[in-house]
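Working notes, structure below.
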Amino acid sequence: MERKRAMAKTVAIMLGDGFEPVEAIGPADVLRRGGVGVDLVSVMGRVEVTAAQEVSVRADKLVGDVDLATYDMVVMPGGSVGVENLEACPALADELRRRMAADGLVGSICAGPTILAKLGLLDGREAVCYPGCEEAFPAGVYQTGSDLVVDGNLITAAGPGTALVFGIALLNALEGDKVALAVGRDMLVLR
């Protein structure tokens, strides 16, 4: 009798014009190497998204065509203009409120965690962001000196230089230590 293969975990990485490309593509690469299904989801009403540094990216889906609640995790990259575009998406705000209340997995890097702060979703939490963006955080939330913070269902990272480590932390939350360590060793040449 053939065993049924478990469905892959899925992640929606949210894209708005002006997003930081390495903060979306790096984690997407890590997650896909770990067997996780990743959709790059545009909030722009079109699949062509222009990242910071004029990098063009073709999203897999439009936010209006997906149910964000069906994903195992939602991830928000930074980039100041990209974050402004993500903040303007009511469907994303609604899903973040629902997900954080239900302890659903959320990842955010660079300026992305400011979206959670503006929605009032960081009270009593620990998080990190790009240095200087923490002014939007409630007192005690920002973890000075940390590049990556895992606080239960919330995974945050400081910026572009932490994109791969952030991706490995996301993978660890979804697939566990063994898979994350194997992918991390391959990608970061850790021996």
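For the atom pair CG (Leu164) and CD1 (Ile168), the distance works out to 6.5 Å, reported to the nearest 0.5 Å. The distance from atom CE of Met100 to atom CG of Leu116, rounded to the nearest 0.5 Å, is 5.5 Å. Asn85 contributes atom CG, which lies 11.5 Å from atom CE of Met14 (distance to the nearest 0.5 angstrom).
In this structure, the side chain to side chain contact (heavy atoms under 4.5 Å, CB included) partners of Ile115, at least two apart in sequence or on a different chain, are Met76, Val83, Leu86, Glu87, Leu96, Leu119.
Residues Val22 and Val55 do not share a hydrophobic cluster, clusters being chains of Ile/Leu/Val/Met/Phe/Trp/Tyr side chains in contact below 4.5 Å. Hydrophobic clustering (ILVMFWY, side-chain heavy atoms < 4.5 Å, transitive): Val43 and Val81 are in distinct clusters. Put simply, Leu170 and Val150 are part of the same group of oily side chains (I, L, V, M, F, W, Y) that touch within less than 4.5 Å, one to the next.
Phe166 and Gly107 get closest at one heavy-atom pair: CZ-C, 3.8 Å. Between Gly159 and Tyr130, the closest heavy-atom pair is CA-CD1, 4.4 Å.
The backbone N or O of Arg125 sits nowhere less than 3.5 Å from a side-chain atom of Asp151 that would complete a donor-acceptor pair. Of the possible donor and acceptor atoms, none in the side chain of Asp39 sits under 3.5 Å from a partner among the backbone N and O of Ala12. Between the side chain of Ser42 and the backbone N or O of Arg46 there is at least one donor-acceptor pair closer than 3.5 Å. For the pair Arg99 (side chain) and Leu68 (backbone), a donor-acceptor distance under 3.5 Å is present. In this structure, Glu54 contributes its side chain and Ala52 its backbone to no donor-acceptor pair below 3.5 Å. Asp72 contributes no side-chain N or O that, together with a main-chain N or O of Val11, makes up a donor-acceptor pair within less than 3.5 Å. Judged purely by atom type and a 3.5 angstrom limit, Gln143 has no side-chain atom pairing as donor or acceptor with the backbone of Glu126. For Lys9 (side chain) and Leu174 (main-chain N/O), a donor-acceptor pair under 3.5 Å exists by modelled atom type.
Using a 4.5 Å cut-off on side-chain heavy atoms (C-beta onward), Leu148 and Val128 make no contact. In this structure, the side chains of Ile25 and Ile13 stay at 4.5 Å or more apart for every pair of heavy atoms. Using a 4.5 Å heavy-atom threshold, the side chains of Val183 and Glu175 count as separate. Taking the side chain as every heavy atom from C-beta outward, Val74 and Val41 never approach each other to under 4.5 Å. Between Thr70 and Thr10, the closest side-chain pair of non-hydrogen atoms is not below 4.5 Å. A 4.5 Å side-chain heavy-atom check between Leu171 and Val179 finds at least one atom pair inside the cut-off. Two residues are said to be in side-chain contact when any heavy atoms from C-beta on lie closer than 4.5 Å; Glu20 and Cys110 fail this criterion. Inter-residue side-chain proximity for Met187 and Asp29 is flagged as met; some heavy-atom pair is nearer than 4.5 Å.
The salt bridge (charged side-chain N to carboxylate O under 4.0 Å, His left out) contacts involving residues 128-143 comprise nothing, where partners must be two or more places apart or lie in separate chains.
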